[in-house]
Amino acid sequence: GAFVHFFTLQMLRQAAQAAESSSDGTRGRAEKNVLSNAAMGGISRGISVAVMCPVTTVKTRMEASGAAAAAFAYRSVPHALRSIWRTEGAVALWRGLPAALAANAPFSALHYAAYRHLQALVARSVGEGTLANFASGAGASLIATALTQPFDVIRTRTMLNLPPGGARHAAGTLMVGIGPRLAKRTLQTAALWCLYEELWRLWLVARQRESDAAQGHFTSDAHVHNSKIGSKNVGRVSGSSLLG
């Protein structure tokens, strides 16, 4: 899931940078950047969630406990996928998709917009680097996790086929597990974004070295070619002098 998310996000970032470089307008750039970052985060996460929804459904059911666990006895992920497909239909594998999108797409939209904003602020104090990326990732994760907690609870209950219950009961359970989720997701997301930023930096460095090497090779070839032409011209001039 993370690979699909970051790959799609990187493609969107490159497209946005290309569009920004071709535009010379600066009015409202900060507001546009916030909205652009939110859109890129939400779209990339939404694509990842849709692709990985069957696996997420199986994972949620296999991790269930209590009465829900007794209803789902799977030996492995492939067995679970086949069993759900055969007994409940293919649609069941994506049954929790609307709730999953409601929980994850807004989370990533909020997270990425906040992450990029905090990253710029933190970099002014401590400079760019791993510390700034980790602090920005943790802060953005706290904000996004707290705001999307109700949707995540709804997603989990939907994937487990749990009854909705009464309105009072449902409202009381929307924030259940917020503490552990904040602790887990904050550290996990911050570490993941640090890894992403470092891998992206290393990739850019490798690309730059390849470009420099290619440019150096081109310059060297051109120098050798010009030297050969110069030598030929010198030989011609010398020969003409001798004949004269």
Subject >> CG on Leu110 to CG on Asn37, rounded to 0.5 Å >> reply: 12.0 Å
Subject >> Result of checking Glu128, Glu197, Arg201, Gln119 against Asn133 for side-chain hydrogen bond (donor to acceptor under 3.5 Å, both in side chains) >> reply: Gln119
Subject >> In one Ile/Leu/Val/Met/Phe/Trp/Tyr side-chain cluster, 4.5 Å: Trp193, Phe107 >> reply: no
Subject >> Ser141 (side chain) donor-acceptor with Gly137 (main chain) under 3.5 angstrom >> reply: no
Original post:
Taking all non-hydrogen atoms of both residues, which atom of Trp94 and which atom of Pro98 are closest, and how far apart?
Top reply: O-CD, 4.1 Å
**OP:** Walk me through it: do Thr145 and Lys184 pass the test side chain to side chain contact (heavy atoms under 4.5 Å, CB included)?
**Re:** CA-CA 10 Å; Thr145 300; Lys184 175 187 175 183; over 6 Å; no
**OP:** Give a yes or no on whether Leu199 and Phe7 share a hydrophobic cluster (residues Ile, Leu, Val, Met, Phe, Trp, Tyr; joining criterion: side-chain heavy atoms under 4.5 Å apart).
**Re:** no
Original post:
At what distance, to the nearest 0.5 angstrom, does CZ of Arg116 lie from CG of Leu121?
Top reply: 12.5 Å
Subject >> Partners meeting side-chain contact (heavy atoms from CB on, under 4.5 Å) with Leu187 (sequence neighbours left out) >> reply: Phe134
Distance-only criterion, 3.5 Å: show the donor-acceptor pairs between side-chain atoms of residues 43-56 and protein atoms not counting sequence neighbours.
from	atom 1	to	atom 2	distance (Å)
Ser44	OG	His5	ND1	3.2
Ser44	OG	Met40	O	2.8
Ser44	OG	Gly41	O	3.1
Arg45	NH2	Asn104	OD1	3.3
Ser48	OG	Gly1	O	2.8
Thr56	OG1	Met52	O	3.0

Original post:
Would you say the side-chain atoms of Ser211 pair up with the backbone N or O of Arg207, donor to acceptor, closer than 3.5 Å?
Top reply: no
**OP:** Using a cut-off of 6.0 Å, state whether more than 12 heavy atoms not belonging to Trp85 lie near its atom CH2.
**Re:** no
**OP:** Consider only side-chain heavy atoms of I, L, V, M, F, W and Y, link residues closer than 4.5 Å, and tell whether Tyr115 and Leu12 are in one cluster.
**Re:** yes
Subject >> Spacing of Arg185 atom CZ and Thr148 atom OG1 [to the nearest 0.5 Å] >> reply: 6.0 Å
